[in-house]
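Below, read A as the first sequence line, B as the second, and so on, with proteins coming before strands; counting in each chain starts at 1.
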Amino acid sequence: MTAKELPKIYDPKKVEDKIYKIWEESGFFNPDNLDLPENSPSYSIVLPPPNVTGTLHMGHAAMMVYQDILIRYKRMSGFRTLWIPGTDHAAIATQTKVEKILKEKGASRHSLGREKFLAEVNKFAQDSHDTIKNQTKKMGSSCDWSREAFTLDEIRNKAVNSVFKLMHEDELIYRGERVINWCPRCHSTLADDEVEHKNRETQLFTFRYWKDFPIPISTTRPETKLGDTAVAVNPKDERYKEFIGQEFLGNFCGIDLKIKIIADRNVEMDFGTGALGVTPAHSMIDWKMAKDNDLNIIKVIDEDGKIKEGFGEFAGLTAFEARKLVVEKIKQNSLLEKEENIQNAISVCYRCGTSIEPLPSLQWFIDVNKKTEKLNNKSIKETCLEAVEKGVFDREKINIIPQRFEKNYFQWMNNLEDWCISRQIWYGHRIPVWYKGEEISLEDKSNDASWERDSDTLDTWFSSGMWTFSTLAQSLDEIKIENGKLVIDSNDFKSFHPTSVLETGYDILFFWVARMIIMTTYAINDIPFQDVYLHGLVLDENGKKMSKSLGNVLDPLDMIEKFGTDAVRLSLFIGSTPGNDTRINEEKIENYRNFVNKLWNISRFVTSKIGDGATEAKIEEKNLTFADKWIIDKIKNLITEVTLDLEKYNFSLAGEKLQEFTKNDFADWYLEVAKFETNTAEKNIILGKILEDILKLWHPFIPFITEEIWSNLSKEKLLLIENWPALENWNEITAKDYDSKDNVFEKTQTIITAIRNLRAENKIEPTKKLKTIIYAGDDFEKIKNEEILIKNLRTGVSELIIEKSGEKPAEALYAIASGVEIYLINEIDKDAERKRISAELENLKKYTANLNQRLSNKEFTKKAPAQIVAQEKERLAKAQSDILEMEKYLEKL
RNA sequence: GGACGAUUAGCUCAGUUGGUUAGAGCACUUCUCUUACAAAGAAGGGGUCACUGGUUCGAGUCCAGUAUCGUCCACCA
């Protein structure tokens with residue numbers, strides 16, 4: 001196809017779906033179909049599975065871009081490259097969402113029953129999954145759909161059940177009673193990090209349990225005081241020292257209490273009265289104090305957030321109602337000493353925002369401190385710390401990028417407590433434990449009616465923690481337990497585990513990344529991934545988190561519709577650095593759309609110029625012009641830099657360098673030169689080769705347009721599987737010595753000499769750097785008359801000399817490219833000129849003073865690298881001669 | 001209370017082991033319909049690199065402290 005047939009404006013809508021279909025049908029997203037030598041290295045990424053709760057947002061889009069860049073780059077570099085897509089059932093999130101929908105229809109999960117409700121959820125999840133899959137494709141993600149996985153499908157379920165069983169056998173999983181975070185709305189436990197803290201104003205009440213009780217206490221939750229069994233004070237507190245160890249009996253609001261005075265370092269003397277009423281059943285730290293001091297544990301509030309039976313008139317009231325009543329009673333009995341408003345951080349459910357209620361409850365836990373043979377007699381915690389610190393199981397340490405997050409990881413892991421893995425919701429992996437009276441079975445008793453299965457499900461992170469290896473099994477029988485160990489018996493597992501890199505947002509470092517390290521090191525005695533690349537969050541233009549309630553959400557699909565996927569991709573990774581948040585707005589995307597279009601037009605121009613078959617000829621080095629050699633040097637440099645940047649995860653830098661080359665070096669300079677220079681066979685080859693190379697280099701970043709242009713070049717192979725550009729391709733051309741030997745350069749020397757002569761005659765001003773000089777030759781008269789026009793030709797020309805001698809205007813460009821200073825002949829406004837020159841002279845003098853000072857410093861000449869010293873000397877000499885010239889010029893003025 | 005980050009042009013941000021007189025995009029000013037591209041091109045203005053010290057021949061870059069903003073963790077009875 002020739003350039004004329006191609007539209008001036010690139011239309012992504014006509015191209016993207018078509019191209020994605022071609023890729024998919026080619027089968028090359030699947031590494032099995034890549035034509036590679038036996039021993040090719042593998043490269044693998046698992047897609048952090050998006051929740052099946054709806055649609056993708058910009059954060060997802062960003063994540064897919066980074067991963068697709070890596071995957072496409074590695075695929076082109078000859079790796080056996082696998083990117084596994086999937087979705088996460090996101091237990092609580094999904095169930096909450098469906099319950100909300102049901103509520104609008106006047107139903108609830110309880111009215112439907114477990115089976116029907118799960119059918120509803122599954123239907124919702126399926127719809128959501130389809131949307132997500134479609135959106136992922138729209139982003140251009142080159143993942144292998146034949147290996148798609150779901151955290152709740154049959155295969156993953158088998159992996160989950162197997163690991164649960166193994167952990168139970170190793171006594172790493174236990175069932176126990178502990179105060180857990182209970183969400184009365186979701187009716188489920190929450191892990192510690194699923195609880196959010198929000199500052200709210202609450203009332204703090206100070207009172208005594210009864211009249212002659214010696215110590216007043218302060219609390220924001222008077223209703224829980226019905227279950228108090230102790231009062232804790234700081235052991236250093238002089239006020240209460242005498243009471244420590246004593247026990248008091250009395251009646252509080254109609255309830256008999258036995259209160260022991262205990263000492264605990266965690267009690268702050270300055271807060272309230274410095275004495276804390278200990279309610280072991282409804283507070284985490286109180287629970288710990290109770291364990292330490294062997295206190296009774298009295299449960300006051302039930303799972304519905306209501307006061308339990310046995311608390312007189314309070315029974316059946318909600319916690320809030322009970323609080324009002326208790327306060328009323330305290331006032332009636334004139335026990336209240338103080339009532340004040342304080343800012344208090346309360347715990348709320350990260351899903352629904354309901355205040356969480358700490359409750360003692362029978363739950364399943366993973367013991368993170370118990371040493372186990374499977375981990376070489378280390379605990380889960382120790383192994384996970386080592387994995388990132390120095391490496392485990394003969395693997396190098398896991399690298400977290402940016403590295404500063406390693407510190408966060410250690411801090412979190414060091415403080416890790418036993419992980420509560422059971423959830424009282426229905427949607428999820430049901431706990432594989434059966435009960436019959438006191439008996440417990442880990443064997444499947446589904447067919448035996450005398451056994452009853454645990455009604456709870458597993459924390460969603462239990463299954464997503466196994467994501468890197470559970471996705472590498474493609475059938476149930478590839479998951480086995482052999483000699484008490486989990487084995488994934490598949491070729492995929494052998495080739496692709498551990499995965500090369502985990503790319504995700506820093507916000508789920510603890511939720512997910514840490515959980516993956518926990519589950520993988522235990523289950524298969526290996527690390528899940530070698531590198532972790534953490535990207536920042538995508539924020540709106542004001543630096544706020546995008547959220548539906550704020551109405552500041554940019555929908556990736558809308559943006560794709562408007563500007564094309566490639567533009568959206570560019571806007572997401574250029575200008576953002578690892579671990580740092582990035583802002584995005586429509587204008588930014590529009591800007592990159594313009595760049596994408598530029599690339600389109602570059603290719604139109606090049607293809608029209610080189611025509612067909614031109615690239616077959618051989619390059620004769622002696623025929624190369626200065627510009628040719630210059631651009632070859634640039635592209636070689638570019639290939640090296642971009643490759644290095646990609647290896648170092650410097651996506652943004654790579655993108656910027658590519659943009660710089662494409663726009664400034666290639667389009668604005670070389671193509672402009674090419675317009676003037678004769679069309680040699682060499683020039684056509686170079687134009688063609690450079691176009692090909694930049695298409696390849698750009699492909700991982702903007703796959704659609706590059707593939708489309710590639711197809712217009714009538715290539716046999718898809719760009720998708722082309723070889724990454726290598727320097728060797730350019731080795732036949734050595735461009736290094738172009739500035740001294742080349743005959744074109746000699747010509748420019750002549751020009752310079754001529755200019756120097758003119759300068760000596762004071763016909764030109766000596767300071768202003770000119771952008772070009774045009775030797776018009778026979779066209780002199782014509783061009784002279786059209787000076788304005790020429791100035792604005794896209795040649796970088798703003799000021800110019802027009803001389804009759806010389807041959808081709810293009811020589812001017814050689815001069816510029818070789819860094820020659822060229823000067824302007826002009827009628828000069830002497831006053832203005834004097835002013836300007838004086839100012840410049842002053843600047844230059846400052847500069848030389850600066851240099852002089854540095855050079856006269858003995859320490860500098862002694863200690864600075866010789867190279868730097870020489871460089872500075874050179875600069876000084878040049879500056880000095882410039883000053884002399886300028887002074888002379890000023891005099892003459 | 002603990003940890004981490006940010007502070008560079010009007011705005012959004014780069015600046016990789018310390019080394020020219022600190023960069024880009026957008027915005028702004030001026031010019032140009034020009035045979036790849038007006039979704040374009042050319043030229044130009046604009047910065048005490050938050051502040052204070054220190055290390056160094058040399059600091060936007062390294063160290064210490066201060067201020068402001070932000071994020072996370074823990075606690076808040």
Do E647(A) and T643(A) pass the side-chain hydrogen bond (donor to acceptor under 3.5 Å, both in side chains) test, and can you show the C-alpha distance, the side-chain angles, and the key distance before you say yes or no?
-> CA-CA 6 Å; E647(A) 289 295 335; T643(A) 308; over 6 Å; no
Output the single nucleotide from rC37(B), rU16(B), rG19(B) whose closest atom is nearest the side chain of K648(A).
->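 Nearest to the side-chain atoms of K648(A), counting from C-beta on, is rU16(B).
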Which of the following nucleotides, rC73(B), rG19(B), rA40(B), is nearest to the side chain of F510(A)?
->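 Taking heavy atoms from C-beta onward, the closest nucleotide is rC73(B).
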Ignoring backbone atoms, test whether [X] places a side-chain nitrogen or oxygen under 4.0 Å from the OP1 or OP2 oxygen of [N].
X: T577(A); N: rC13(B); answer: no
X: K8(A); N: rC37(B); answer: yes
X: R221(A); N: rA77(B); answer: no
X: N594(A); N: rA40(B); answer: yes
X: K598(A); N: rG41(B); answer: yes
X: R854(A); N: rU21(B); answer: yes

Let me see the working for R593(A) and E590(A) under salt bridge (Lys or Arg N to Asp or Glu O under 4.0 Å), right down to the final yes or no.
-> CA-CA 5 Å; R593(A) 187 268 319 264; E590(A) 187 179 355; 3.6 Å; yes
Between [N] atom [atom2] and [X] atom [atom1], what is the distance in whole Å?
X: D645(A); N: rG15(B); atom1: CG; atom2: C1'; value: 13 Å
X: K288(A); N: rA74(B); atom1: NZ; atom2: C1'; value: 10 Å
X: L537(A); N: rG70(B); atom1: CG; atom2: C1'; value: 12 Å
X: F666(A); N: rA36(B); atom1: CZ; atom2: C1'; value: 11 Å
X: I356(A); N: rA77(B); atom1: CD1; atom2: P; value: 12 Å
X: H282(A); N: rA77(B); atom1: NE2; atom2: P; value: 15 Å
X: E874(A); N: rG19(B); atom1: CD; atom2: P; value: 19 Å
X: I705(A); N: rC37(B); atom1: CD1; atom2: C1'; value: 12 Å

Between W698(A) and F701(A), how do the two ring planes meet: parallel, tilted or perpendicular, split at 30° and 60°?
->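 Plane angle over 60°, so perpendicular.
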Name the orientation class of the two ring planes belonging to Y506(A) and F405(A) (parallel below 30°, tilted from 30 to 60°, perpendicular beyond 60°).
->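 Ring orientation, 0 to 90° scale: parallel.
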Sticking with atom [atom1], work out how far [N] lies from [M], rounded to a whole angstrom.
N: rG19(B); M: rA59(B); atom1: C1'; answer: 10 Å
N: rG10(B); M: rU20(B); atom1: C1'; answer: 28 Å
N: rG47(B); M: rA24(B); atom1: P; answer: 14 Å
N: rU66(B); M: rA27(B); atom1: P; answer: 42 Å
N: rC26(B); M: rA42(B); atom1: P; answer: 11 Å
N: rC11(B); M: rC49(B); atom1: P; answer: 16 Å
N: rG60(B); M: rC51(B); atom1: P; answer: 11 Å
N: rU21(B); M: rU61(B); atom1: P; answer: 16 Å

Is there a donor-acceptor pair closer than 3.5 Å between any side-chain N or O of K381(A) and the backbone N or O of L416(A)?
->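 A pair under 3.5 Å: yes.
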Under 3.5 Å donor-acceptor, N601(A) side chain and R604(A) backbone =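 Pair absent, no side-chain N/O of N601(A) close to backbone of R604(A).
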Dump every N/O contact between nucleotides 1-5 of chain B and the protein below 3.5 Å, one line per pair.
residue : atom : partner : partner atom : Å
rC4(B)  : OP1  : K407(A) : NZ           : 2.5

Most 5' of I868(A) and E859(A) on RNA chain B, judged by nearest nucleotide =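 Result: I868(A).
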Pairwise 5' ranking along RNA chain B for R593(A) and Y506(A), keeping only the more 5' one |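 It is R593(A), whose closest nucleotide lies nearer the 5' terminus.
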N/O contacts under 3.5 Å, protein versus nucleotides 24-28 of chain B?
residue : atom : partner : partner atom : Å
rG25(B) : O2'  : N591(A) : OD1          : 3.4
rC26(B) : O2'  : E587(A) : OE2          : 2.7

Are F252(A) and F207(A) close enough that their ring centres sit under 6.0 Å apart?
->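 Yes: the rings meet the under 6.0 Å criterion.
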Can the ring centroids of Y592(A) and F563(A) be said to lie less than 6.0 angstrom from one another?
->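 Ring-ring flag for Y592(A)/F563(A): false, centres at least 6.0 Å apart.
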Counting any heavy atom closer than 4.0 Å, what does [X] reach on the DNA or RNA strands: base, sugar-phosphate only, or nothing?
X: R875(A); result: base
X: A275(A); result: nothing
X: I9(A); result: base
X: N650(A); result: base
X: K863(A); result: base
X: V267(A); result: base
X: I574(A); result: nothing

Contact summary for I297(A) and P280(A), nearest pair of heavy atoms |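 Closest approach of I297(A) to P280(A): CG1-CB, 3.7 Å.
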Grab the two heavy atoms, one from I584(A) and one from S571(A), that are nearest each other, plus how far apart they are.
->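 Shortest heavy-atom contact: CD1-OG, 3.4 Å.
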Decide, yes or no, whether a salt bridge links E660(A) with K657(A) under the criterion of side-chain N to carboxylate O below 4.0 Å.
->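 K657(A) and E660(A): not salt-bridged.
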Residues E708(A) and K14(A) bridged, charged N to O under 4.0 Å =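 No salt bridge links E708(A) with K14(A).
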How does RNA chain B read in dot-bracket, base by base from 5' to 3', with Watson-Crick or G-U pairs under 3.5 Å and | used when the partner is on another strand?
-> (((((((..((((.....[...)))).(((((.......))))).....(((((..]....))))))))))))....
Contacts of H535(A) that satisfy ring-ring contact (aromatic ring centres under 6.0 Å, His included) - sequence neighbours left out |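 Scan of H535(A) (ring-ring contact (aromatic ring centres under 6.0 Å, His included), adjacent residues dropped) gives Y66(A).
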Would you please name every residue forming a salt bridge (Lys or Arg N to Asp or Glu O under 4.0 Å) with K225(A), sequence neighbours left out?
->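 Applying salt bridge (Lys or Arg N to Asp or Glu O under 4.0 Å) to K225(A) gives D228(A).
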side-chain hydrogen bond (donor to acceptor under 3.5 Å, both in side chains) with Y649(A): which residues, sequence neighbours excluded?
->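 Here the qualifying residues are D531(A).
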